[in-house]
S.K.: 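Structure below; questions to follow.
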Amino acid sequence: MRSSRPAAWLLAAAACALLVPIGPAQAQSLTRDLFRAEPGAFVPAQDRPLQRLAQPARPGQADPFDTDDMRGTRNARARPGAAPEFGLQRPSLGAGGTGYDALGRKRQQPKILPGAPRPRSIGPGSPVVTPVPPPARPLPPSQAAAKQPVAAAFRGTLPGQPLRRRLKVDDDPFGPVGDYAGSFLIKGALELNGGYDTNPGRIATPQASGFYKVSPELMVSSDWDRHALVADLRGSFTGYGHEFNNPTSGVTSAPRVLDRPDFDGHIDGRLDVSRDTRLLGQGRVIVGTDNPGSPNNVAGLQKFPVYTQVGVSGGVDQTFNRLQVTAIGGVDRRTFQQSVFTDGNTEPNTDRNFNQYAGTGRVSYEVLPWLKPFVEGQYSERQYETPVDRYGYRRDSTGGYFKGGTSFELSRLLTGEASIGWASRTYTDPRLLPLDGLLTSASLIWTVTPLSRFRLTADTSIDESPLAGVSGVLTRTYTAQVDHDFRRWLTAIGKFTYATYDYQGSGRNDRFTSVEGNLVYKMSRQLWVKGTLRRDQLDSNVVGGSYNATVVMLGVRLQN
């Protein structure tokens with residue numbers, strides 16, 4: 001026992017000497033790694049010789065083991081579900097693909113491409129022969145052929161050249177392009193239509209006839225940074241080429257010649273005085289006739305008497321942050337041609353000529369960028385050229401309307417405005433009853449899909465009437481229209497119109513309905529082909545006042 005004790009102490013001292021670290025002594029914390037049943041488990045992994053583990057570098061300190069080769073190995077091993085990158089083992093310094101490896105691992109054989117010479121021998125200290133890649137394939141003749149040189153400015157490679165602006169997507173690839181005259185863009189169009197109407201006179205006893213229609217259009221708009229000037233001129237002429245005979249049942253309100261013109265043109269201008277102040281102005285001209293089938297037409301006419309309305313208006317639009325105030329005043333004058341009868345006699349229509357003076361005010365407030373409520377009111381006065389009409393009535397009147405609503409824009413899918421209010425007009429002659437009623441107004445555009453659009457319009461107006469004892473006509477019109485593009489060059493349009501006419505003082509009430517379908521084939525930007533089928537029907541509580549008609553029309557549109 002005594003002889004073996006010194007030997008045991010010597011062995012214990014030698015083992016402790018081997019465990020003493022060369023560097024400063026550190027206490028070992030008792031963790032689960034200390035009980036790991038693998039060689040070197042009692043030595044920290046980062047201190048294992050010839051097999052160091054990667055560690056995340058401290059902030060601001062570079063990782064000495066993070067070389068290009070190591071990053072490639074790390075990225076190749078990083079797979080879904082693999083250990084973090086600091087848990088991957090890196091080869092010791094000096095380990096290479098073909099040189100000396102301290103761990104004695106098998107050397108990697110170099111890859112030799114087909115056709116490249118093979119090295120004779122590779123060993124420690126021998127130079128490595130770099131494989132020679134195969135020769136590159138020649139360019140095809142289309143690429144090697146001589147070509148016209150392209151300017152650097154056109155290629156966009158000129159030094160200092162700014163980037164080109166990306167072209168905007170054309171929303172209407174078959175729309176008119178127009179021509180520029182200075183700073184004005186001019187667009188023109190001409191529609192030529194021919195068709196067949198089962199009741200062109202809109203009477204109870206119809207007489208069918210073919211017709212033609214010529215419709216010119218012109219639009220001129222300015223292209224200025226400030227101010228604006230827009231001219232929109234649209235007209236049409238409908239002709240039948242022959243006269244119509246009165247039916248044997250009696251005299252009707254339809255004249256013998258049903259040819260009639262129609263024109264609606266206006267020029268709008270805006271002068272930007274400042275950022276928040278704008279001056280507005282408009283000049284307008286309207287030419288037309290009473291509608292066929294209207295009771296305003298006198299029996300026995302040779303042709304429709306044409307009226308002309310000319311007017312101007314001006315005002316100011318002021319913005320106070322989100323509050324917008326608009327005030328506009330206008331003057332209009334309407335004159336009628338004399339009536340020509342089938343027997344050659346004439347009758348003046350000076351008792352239908354009048355001047356109208358009106359003032360309109362509107363206040364709106366932007367609650368949200370897409371919601372802007374408003375209130376609007378108008379006061380107008382109408383003065384006739386003759387104090388008393390042909391039936392002995394004094395038709396001078398005063399009136400106006402008041403309405404409230406909102407304009408909105410919901411992500412460009414639903415835009416427009418809608419309002420409701422009250423309209424009223426009082427006449428100088430006490431025998432003419434006041435004319436008033438509910439006012440509805442709307443103009444909505446709903447983009448259902450990129451190929452389909454829905455439009456809804458509503459309007460209420462108080463129109464004059466020359467009938468004895470009738471104060472005027474309260475007209476309400478509602479129109480719904482659906483456009484669908486089967487292709488960019490093929491569009492179908494469906495339209496439905498409903499209108500009511502209330503003749504105050506006579507007890508007559510008319511209801512008008514119209515269903516229309518259009519098919520537009522856009523052959524190019526300059527040429528369109530259009531087909532129309534329409535059904536009109538008027539129901540009246542007066543005997544002989546109802547009618548129905550069917551219209552078929554085919555035409556072409558030339559535009560620029």
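Computed from a predicted model, the values in this text were never measured in an experiment.
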S.K.: Please name the pair of heavy atoms, one in Leu467 and one in Pro295, separated by the smallest distance, quoted to 0.1 Å.
M.R.: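 That closest heavy-atom pairing would be CD2-O, 3.4 Å.
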
S.K.: Return yes if some donor-acceptor pair links the side-chain N/O of Ser461 with the main-chain N/O of Asp463 below 3.5 Å, else return no.
M.R.: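 No; zero donor-acceptor contacts below 3.5 Å.
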
S.K.: Would you check if Asp262 and Thr289 make a side-chain contact, meaning some heavy-atom pair closer than 4.5 Å?
M.R.: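 No, side chains not in contact.
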
S.K.: Between Glu376 and Arg362, is there a side-chain N and carboxylate O pair less than 4.0 Å apart?
M.R.: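 Answer for the salt bridge query: yes.
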
S.K.: Can we call the ring centroids of Tyr521 and Trp489 under 6.0 Å apart?
M.R.: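 Aromatic pair counts; centres sit under 6.0 Å.
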
S.K.: Under the side chain to side chain donor-acceptor pair (under 3.5 Å) criterion, do Asn518 and Glu516 qualify, and how do the steps go?
M.R.: CA-CA 7 Å; Asn518 298 274; Glu516 179 179 344; 3.1 Å; yes

S.K.: Using a distance-only test with no angle check, is there a side-chain donor-acceptor pair under 3.5 angstrom linking Gln302 and Arg256?
M.R.: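 The answer is no; no qualifying pair exists.
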
S.K.: Are side-chain N/O atoms of Gln383 and Asp396 paired as donor and acceptor at under 3.5 Å?
M.R.: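 Gln383 vs Asp396: no donor-acceptor pair found between side chains.
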
S.K.: Report the distance from atom OG of Ser546 to atom CG of Asp539, rounding to the nearest 0.5 Å.
M.R.: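 That separation rounds to 5.5 Å.
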
S.K.: Taking atom types as modelled, find out whether Ser380 and Arg425 have a side-chain donor-acceptor pair closer than 3.5 angstrom.
M.R.: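 Yes - a donor-acceptor pair under 3.5 Å links their side chains.
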
S.K.: Evaluate the salt bridge (Lys or Arg N to Asp or Glu O under 4.0 Å) criterion for residues Arg455 and Asp483: first the C-alpha distance (whole Å), next the side-chain angles of each, then the deciding distance (0.1 Å), finally the verdict.
M.R.: CA-CA 8 Å; Arg455 305 170 188 267; Asp483 301 358; 3.7 Å; yes

S.K.: Report the distance from atom CG of Asn296 to atom CZ of Phe304, rounding to the nearest 0.5 Å.
M.R.: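 The distance works out to 11.5 Å.
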
S.K.: Under 30°, 30 to 60°, or over 60°: which ring-plane class applies to Phe354 and Tyr384, parallel, tilted or perpendicular?
M.R.: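 Because their plane-to-plane angle lies in the 30° to 60° range, the rings of Phe354 and Tyr384 count as tilted.
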
S.K.: Sub-3.5 Å donor-acceptor pair from the side chain of Arg525 to the main-chain atoms of Pro173, do we have one?
M.R.: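 Present.
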
S.K.: After noting the C-alpha distance and the side-chain angles of Asp485 and Thr491, does the key distance pass the side chain to side chain donor-acceptor pair (under 3.5 Å) rule?
M.R.: CA-CA 4 Å; Asp485 297 335; Thr491 303; 2.8 Å; yes

S.K.: Between Asp268 and Arg270 (salt bridge meaning N to carboxylate O under 4.0 Å), is one present in this structure?
M.R.: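 Looking at Arg270 together with Asp268, the answer is no, because their closest N to O distance does not fall below 4.0 Å.
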
S.K.: Looking at every non-hydrogen atom in both residues, tell me the closest pair between Pro292 and Tyr547 and how far apart they are.
M.R.: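 Closest heavy-atom pair between Pro292 and Tyr547: O-OH, 4.2 Å.
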
S.K.: Would you check if Val316 and Val273 make a side-chain contact, meaning some heavy-atom pair closer than 4.5 Å?
M.R.: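 Side-chain contact under 4.5 Å: no.
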
S.K.: A side-chain contact here means heavy atoms from C-beta on lying under 4.5 Å apart; do Arg334 and Asp332 qualify?
M.R.: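 SC-SC contact between Arg334 and Asp332 ruled out.
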
S.K.: Which pair of non-hydrogen atoms, one from Leu438 and one from Thr460, has the smallest distance, and what is that distance?
M.R.: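 Smallest heavy-atom distance, with atoms named: O-CG2, 3.8 Å.
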
S.K.: Under the side chain to side chain contact (heavy atoms under 4.5 Å, CB included) criterion, do Arg476 and Tyr498 qualify, and how do the steps go?
M.R.: CA-CA 8 Å; Arg476 296 187 181 94; Tyr498 178 78; over 6 Å; no

S.K.: Within the side chain of Gln207, is there an N or O that forms a donor-acceptor pair under 3.5 Å with the backbone of Asn245?
M.R.: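 Checking the backbone N and O of Asn245 against the side chain of Gln207, a donor-acceptor pair under 3.5 Å is found.
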
S.K.: As a quick check of understanding, evaluate side chain to side chain contact (heavy atoms under 4.5 Å, CB included) for Leu414 and Trp446, giving each step before the final call.
M.R.: CA-CA 4 Å; Leu414 181 60; Trp446 178 27; 3.7 Å; yes

S.K.: When you measure from the side chain of Asp429 to the backbone of Arg394, do you find a donor-acceptor pair of N or O atoms at a distance under 3.5 Å?
M.R.: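 Confirmed, Asp429 side chain pairs with Arg394 backbone.
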
S.K.: About how many Å separate NZ of Lys372 and CD of Glu366, when rounded to the nearest 0.5 Å?
M.R.: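 Answer for the CD-NZ pair, Glu366 versus Lys372, is 6.0 Å.
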
S.K.: As a quick check of understanding, evaluate side chain to side chain contact (heavy atoms under 4.5 Å, CB included) for Phe211 and Leu258, giving each step before the final call.
M.R.: CA-CA 10 Å; Phe211 68 94; Leu258 298 178; over 6 Å; no

S.K.: Counting only N and O atoms by type, is there a donor-acceptor contact under 3.5 Å from the side chain of Ser524 to the main-chain atoms of Leu527?
M.R.: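 Judged by distance alone, yes, a pair lies under 3.5 Å.
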
S.K.: With a 4.5 Å limit on heavy-atom distance, are the side chains of Gln324 and Phe374 in contact?
M.R.: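 Answer no - side chains too far apart.
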
S.K.: So, do Leu538 and Arg202 sit near enough that their side-chain heavy atoms are less than 4.5 Å apart?
M.R.: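 Contact flag for Leu538/Arg202 side chains = no.
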
S.K.: Does any part of the side chain of Phe263, heavy atoms only, come nearer than 4.5 Å to the side chain of Leu233, both counted from C-beta?
M.R.: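 Yes, side chains in contact.
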
S.K.: What closest approach, in Å, do Glu464 and Ser471 show between heavy atoms, and which atom pair accounts for it?
M.R.: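 In terms of heavy atoms, the two residues are closest at OE1-O, 4.5 Å.
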
S.K.: Within 45° of the axis and under 6.0 Å from the centre of the six-membered ring of Phe336, does NZ or CZ of Arg352 qualify?
M.R.: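 Arg352 over Phe336 ring: yes.
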
S.K.: Pairing donors with acceptors under 3.5 angstrom, does anything connect the side chains of Ser514 and Asp536?
M.R.: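 Judged by distance alone, the side chains do pair up.
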
S.K.: Is the shortest side-chain N to carboxylate O distance from Arg557 to Glu191 below 4.0 Å?
M.R.: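 Salt bridge flag = yes for Glu191 with Arg557.
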
S.K.: To the closest 0.5 Å, what do you measure between NZ (Lys495) and OG1 (Thr479)?
M.R.: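 With rounding to 0.5 Å, NZ (Lys495) is 6.0 Å from OG1 (Thr479).
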
S.K.: Measure the spacing between CZ of Arg284 and CD1 of Ile267 and express it to the nearest 0.5 Å.
M.R.: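 It is 12.0 Å, given to the nearest 0.5 Å.
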
S.K.: Could you check whether atom CZ of Arg488 has more than 12 heavy atoms from other residues, nucleotides or ligands sitting under 6.0 Å from it?
M.R.: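 No - once you tally the heavy atoms of other residues, nucleotides and ligands closer than 6.0 Å, there are 12 at most.
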
S.K.: Roughly how far apart are Leu558 CG and Trp528 CH2, rounded to 0.5 Å?
M.R.: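 Reported to 0.5 Å precision, the distance equals 12.0 Å.
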
S.K.: Between His227 (side chain only) and Asp272 (backbone N and O only), is there a donor and an acceptor less than 3.5 Å apart?
M.R.: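 Checked: pair present.
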
S.K.: Is there a side-chain contact between Leu371 and Thr406 in this structure, where contact means two heavy atoms from C-beta onward sitting under 4.5 Å apart?
M.R.: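 A side-chain contact exists here, since the closest heavy-atom pair is under 4.5 Å.
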
S.K.: Look at the rings of His484 and Phe486 and say which category their plane angle falls in: under 30° parallel, 30 to 60° tilted, over 60° perpendicular.
M.R.: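 Ring orientation, 0 to 90° scale: perpendicular.
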
S.K.: Could you walk me through whether Gln318 and Thr277 satisfy the side chain to side chain donor-acceptor pair (under 3.5 Å) test, starting with their C-alpha distance in whole Å, then the side-chain angles of each, then the deciding distance to 0.1 Å, before giving a yes or no?
M.R.: CA-CA 5 Å; Gln318 180 67 39; Thr277 305; 2.5 Å; yes

S.K.: Evaluate whether atom CZ of Arg226 has more than 12 neighbouring non-hydrogen atoms of other residues, nucleotides or ligands under 6.0 angstrom away.
M.R.: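 It does: Arg226 CZ has more than 12 such atoms within range.
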
S.K.: To check you understand the geometry: which heavy-atom pair defines the closest contact between Asn199 and Ala549, and what is its length?
M.R.: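 Looking at all heavy atoms of both residues, the shortest contact is CB-CB, 3.7 Å.
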
S.K.: Taking it one step at a time, do Asn291 and Arg260 satisfy side chain to side chain donor-acceptor pair (under 3.5 Å)?
M.R.: CA-CA 10 Å; Asn291 295 326; Arg260 61 186 185 276; over 6 Å; no

S.K.: Side-chain contact test, heavy atoms from C-beta onward, threshold under 4.5 Å: evaluate it for Val306 versus Pro261 and give yes or no.
M.R.: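 With C-beta onward as the side chain, the pair touches.
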
S.K.: Is it true that Asn509 and Thr500 share a donor-acceptor pair across their side chains at a distance under 3.5 Å?
M.R.: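 No.
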
S.K.: Are Thr319 and Arg275 close enough that a side-chain donor and a side-chain acceptor fall under 3.5 Å?
M.R.: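 The criterion, which ignores hydrogens and geometry beyond distance, is not satisfied for Arg275 and Thr319.
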
S.K.: Before giving the answer on side chain to side chain contact (heavy atoms under 4.5 Å, CB included), spell out for Phe341 and Val298 the whole-Å C-alpha distance, their side-chain angles and the decisive distance to 0.1 Å.
M.R.: CA-CA 9 Å; Phe341 295 94; Val298 183; 4.1 Å; yes

S.K.: Keeping Asn193 on the side-chain end and Lys530 on the backbone end, is there a donor-acceptor pair under 3.5 Å?
M.R.: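 Not a single qualifying donor-acceptor pair exists.
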
S.K.: Using every non-hydrogen atom in the two residues, find where Gly239 and Asp259 come nearest and quote the distance to one decimal.
M.R.: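 What the structure gives for the nearest pair is CA-OD1, 3.2 Å.
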
S.K.: Tell me, please, whether Tyr393 has Arg431 positioned over its six-membered ring: NZ or CZ under 6.0 Å from the ring centre and within 45 degrees of its axis?
M.R.: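 Yes, a cation-pi geometry.
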
S.K.: Using only heavy-atom distances, determine whether the side chains of Glu417 and Ser407 contain a donor-acceptor pair under 3.5 Å.
M.R.: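 No, no side-chain donor-acceptor contact under 3.5 Å.
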
